[in-house]
Amino acid sequence: MPSNASRKVVYAAIGANCAIAISKYAAAALTGSAAMLSEAVHSTIDTGNELLLLLGMKRSVRPPDALHPFGHGKVLYFYSFLVAVYIFAIGGGFAIYQGISHLQHPQEFLHAGWSYVVLGVAAAFEFYSWRISYKGLLAQKDPNESAWDEIIGSKDPTIFTIFLEDSAALVGISLAFLGIFLGQVFHNRYFDPVASILIGVLLTLVAILLGRESGALLVGERTNRAKIRRIRKIIVDDSAVEDVGDLLTMQLGPDQVLLAVDIRFRPGFDVRELELIIDRLEAGIRKAEPSVKRIFIEADALKPARRKSSGAA
């Protein structure tokens, strides 16, 4: 289930991007700036993407059913992947198209002062949203991880998606400012469309990164390495365990992990004792790592008994 922190980040981003998009469209209409129009479309797409994430968060918490016995947690990964596609196809594509079009047909630039005012207001709103998403990112990461480690290793796409969107928006605002400012200083109408193309390239790179991370989660990425190490330690530290074989995990949602592990127990335990040991291990794992919702333990000592039972049947 997506956390309250994730919802707070999404709602803050929606509010900020709605205000930003309106102001940018007004400035683009007044000035005729291609970079400003690209930024306005960028903010509109960000708002739509955040609504998509909200829809994904809502649908991902539906309970398991006969068709989806492990729940619907991966729905959120599907929607975050759609976000990446829309940023690439609409945001990046439109910005590059606008830039090329204005390079071929340069337009007179008017009322530049309005652009600076709007870009300043947009930067303030974006920084507010970025700061909230950055705090959410820091709250999720392990102490020995960097923010970048959390982005590429996070299992909650809402926070890292909005963090990357806001980061791209702040860079895009800077590019739009430079395009307008340099065009005025050098009396050159080509700086503005070049800035629009650079914004499109930036959005494309962000979309590729988001698509890569969301796609990996969608097809079945393992959980965090630190979590795997903690789970392995819990098992190895148990006095009844002789060795741990394959320890496989898959992320079923932001806070839902499937665990399958092969354990060799010390000799001398009967089936009933092994069942109690397995129950103890499962309880210990769930207490230390509440996100581990599904646990499948293959006990080597039970395999002969199972085969014998199966043959008798």
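Fair warning: this is a prediction, and the values are worked out from it, not measured in the lab. Scope of the values below: all heavy atoms of this structure, side chains included, with no hydrogens, waters or symmetry mates.
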Student check: side-chain heavy atoms of [X] and [Y] closer than 4.5 Å:
{"X": "Ser291", "Y": "Lys227", "value": "yes"}
{"X": "Phe181", "Y": "Phe191", "value": "no"}
{"X": "Val241", "Y": "Leu281", "value": "yes"}
{"X": "Glu273", "Y": "Leu276", "value": "no"}
{"X": "Phe177", "Y": "Ser115", "value": "no"}
{"X": "Met57", "Y": "Ser6", "value": "yes"}
{"X": "Glu165", "Y": "Val83", "value": "yes"}
{"X": "Met250", "Y": "Leu252", "value": "yes"}

More than 12 heavy atoms of other residues, nucleotides or ligands under 6.0 Å from CZ of Phe296: yes or no? yes

Apply side-chain contact (heavy atoms from CB on, under 4.5 Å) to the pair Asn188 and Leu182, showing each step before the final yes or no. CA-CA 8 Å; Asn188 189 322; Leu182 293 175; over 6 Å; no

Rounded to the nearest 0.5 Å, what separates atom CD1 in Ile87 from atom CG in Asn49? 5.0 Å

Hey, what do you get for OG1 (Thr223) to CG (Leu248), rounding to the nearest 0.5 Å? 12.5 Å

Angle between ring planes, His68 versus His72, binned at 30° and 60°: parallel, tilted or perpendicular? tilted

Quick one, Ile132 with Lys135, criterion side-chain contact (heavy atoms from CB on, under 4.5 Å). Give me CA distance, side-chain angles, the key distance, then yes/no. CA-CA 5 Å; Ile132 291 177; Lys135 285 183 175 180; 5.9 Å; no

Run Leu247 and Leu259 through side-chain contact (heavy atoms from CB on, under 4.5 Å) and show every step you take. CA-CA 7 Å; Leu247 195 158; Leu259 168 66; 3.5 Å; yes

Which is it for Thr44 and Tyr25 under the side chain to side chain donor-acceptor pair (under 3.5 Å) test, yes or no, and what are the steps along the way? CA-CA 10 Å; Thr44 303; Tyr25 277 120; 2.9 Å; yes

Taking Ser80 for its side chain and Tyr77 for its backbone only, find out whether a donor-acceptor pair lies under 3.5 Å. yes

Does the pair Phe94 and Ile45 meet the rule for a side-chain contact (heavy atoms from CB on, under 4.5 Å), with working shown? CA-CA 11 Å; Phe94 180 82; Ile45 292 169; 6.0 Å; no

